Peer 1: 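A single structure is presented below for examination.
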Amino acid sequence: MSTPRGARYKLHYFKARGRAEVTRLVFKAAGVPFVDETFSMDQWPSVKLSMPTGTVPVLEMGGEKYPESGAIVRWAARKFGMAGKSDGEQLVVEEVIAGVDEIRDLFLSWFFKADPQVKADVEEQMKQKSARYLGRWEGLARDTRSAQRVYTYMVGTSLTVADLTLFDILEQLDSVPSIDLSAFPKLQNIRATVASLTPIKNYLETRSSSPF
Ligand SMILES: N[C@@H](CCC(=O)N[C@@H](CS)C(=O)NCC(=O)O)C(=O)O
């Protein structure tokens with residue numbers, strides 16, 4: 001657990017990426033210090049009692065605890081200027097957050113399934129949904145040229161939470177045997193753009209390699 005001096009924010013979650021990772025990426029990309037308060041499955045029963053809805057992630061600030069991953073990600077995106085500029089950009093950013101949530105629900109369900117037939121069924125649903133959603137986003141992503149290199153963003157000409165959200169789900173989908181991400185070169189470029197940002201690059205060097 002890192003405890004940066006003077007951090008106003010504390011994010012409570014398991015020692016895992018799960019539903020907390022996009023918020024971590026937003027804080028990292030914005031250069032805003034936060035306490036990444038993680039715990040093990042063994043610790044969870046006692047931690048659960050201290051959470052407002054008995055679930056995590058939870059963001060703590062100003063002495064209050066706020067649950068719901070979608071609310072936290074959207075708030076952080078607005079707070080740190082990563083929610084899109086125009087109405088159209090903001091709608092696409094929201095669309096990506098909502099669509100990726102649906103894919104992530106399937107991913108988390110698939111990841112923990114033991115029964116091979118049930119796991120294969122969830123994998124097929126995830127494959128179909130990913131093909132439809134990623135296919136649309138592939139058509140929207142755009143290159144932005146700077147003096148040094150080409151960056152690819154989901155909307156506009158700078159980083160938004162849509163890019164961080166896509167980065168996170170693509171990392172997870174890479175571990176699904178039947179999903180072939182090579183069909184989405186623009187989205188792979190977004191992934192490379194995100195991974196090349198210095199604070200993200202530094203963070204990725206420290207985190208666990210487990211896709212969950
Ligand atoms: N809609 C909630 C779902 C939260 C949720 O189900 N979190 C899981 C971890 S990903 C959890 O707290 N599981 C432990 C439990 O319910 O006891 C959100 O997006 O934050």
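Just so it is clear, the model here is predicted, and its values are computed rather than measured. Each ligand, and each atom within it, is numbered from 1 in the order the structure gives. For this chain, numbers begin at 1 and follow the sequence in order.
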Peer 1: Could you tell me which atoms of ligand 1, counted from 1 in the order shown, lie closer than 4.0 angstrom to a heavy atom of K48?
Peer 2: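 That gives atoms 15 (C), 16 (O), 17 (O) of ligand 1.
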Peer 1: Test of understanding: given a 4.0 Å heavy-atom threshold, classify the contact between R19 and ligand 1 as side chain, backbone, both, or neither.
Peer 2: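 The part of R19 near ligand 1 is the side chain, not the backbone.
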Peer 1: Can you tell me the protein heavy atom closest to atom 9 (C) of ligand 1 and the distance?
Peer 2: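 Of the protein heavy atoms, V56 O, 3.7 Å lies nearest.
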Peer 1: Give the table of side-chain donor-acceptor pairs shorter than 3.5 Å for residues 60-67, with sequence neighbours excluded, one pair per line with atom names and distance.
Peer 2:
from	atom 1	to	atom 2	distance (Å)
E60	OE1	H12	NE2	2.6
K65	NZ	S50	O	3.1

Peer 1: Report the C-alpha separation of S182 and D180 in whole Å, then their side-chain angles, then the decisive distance to 0.1 Å, and conclude whether the side-chain hydrogen bond (donor to acceptor under 3.5 Å, both in side chains) test is met.
Peer 2: CA-CA 6 Å; S182 66; D180 177 11; 2.7 Å; yes
Peer 1: According to ring-ring contact (aromatic ring centres under 6.0 Å, His included), who are the partners of F14, at least two apart in sequence or on a separate chain?
Peer 2: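 For F14 the ring-ring contact (aromatic ring centres under 6.0 Å, His included) partners, ignoring immediate neighbours, are F39, W44.
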Peer 1: Looking only at the side chains, is there a donor atom on one of Q125 and D121 sitting less than 3.5 Å from an acceptor on the other?
Peer 2: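 No, no side-chain donor-acceptor contact under 3.5 Å.
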Peer 1: In this structure, does ligand 1 have an atom that sits under 4.0 Å from one of the heavy atoms of P57?
Peer 2: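 Checking ligand 1 against P57, which is what was asked, there is a heavy-atom contact under 4.0 Å.
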Peer 1: Just to confirm my output: which protein heavy-atom neighbour is closest to atom 13 (N) of ligand 1, and how far is it?
Peer 2: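 Nearest protein contact, heavy atoms only, for atom 13 (N) of ligand 1 is F14 CE1, 4.3 Å.
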Peer 1: Return the closest protein heavy atom for atom 19 (O) of ligand 1 as residue, atom name and distance.
Peer 2: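 Going atom by atom, the protein heavy atom closest to atom 19 (O) of ligand 1 ends up being S69 OG, 2.6 Å.
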Peer 1: Step by step, work out the side chain to side chain contact (heavy atoms under 4.5 Å, CB included) result for N189 and V150.
Peer 2: CA-CA 9 Å; N189 290 345; V150 177; over 6 Å; no
Peer 1: Please report which non-hydrogen protein atom sits nearest to atom 10 (S) of ligand 1, along with the residue it belongs to and the distance in Å to one decimal place.
Peer 2: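 Heavy-atom neighbour on the protein nearest atom 10 (S) of ligand 1: Y13 OH, 3.0 Å.
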Peer 1: Can you label the angle between the F107 ring and the W110 ring as parallel, tilted or perpendicular, going by 30° and 60°?
Peer 2: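 Tilted, since the angle between the ring planes falls between 30° and 60°.
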Peer 1: Students should be able to answer this: which protein heavy-atom is nearest to atom 2 (C) of ligand 1, and at what distance?
Peer 2: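 Atom 2 (C) of ligand 1 sits closest to the protein heavy atom E68 OE1, 3.3 Å.
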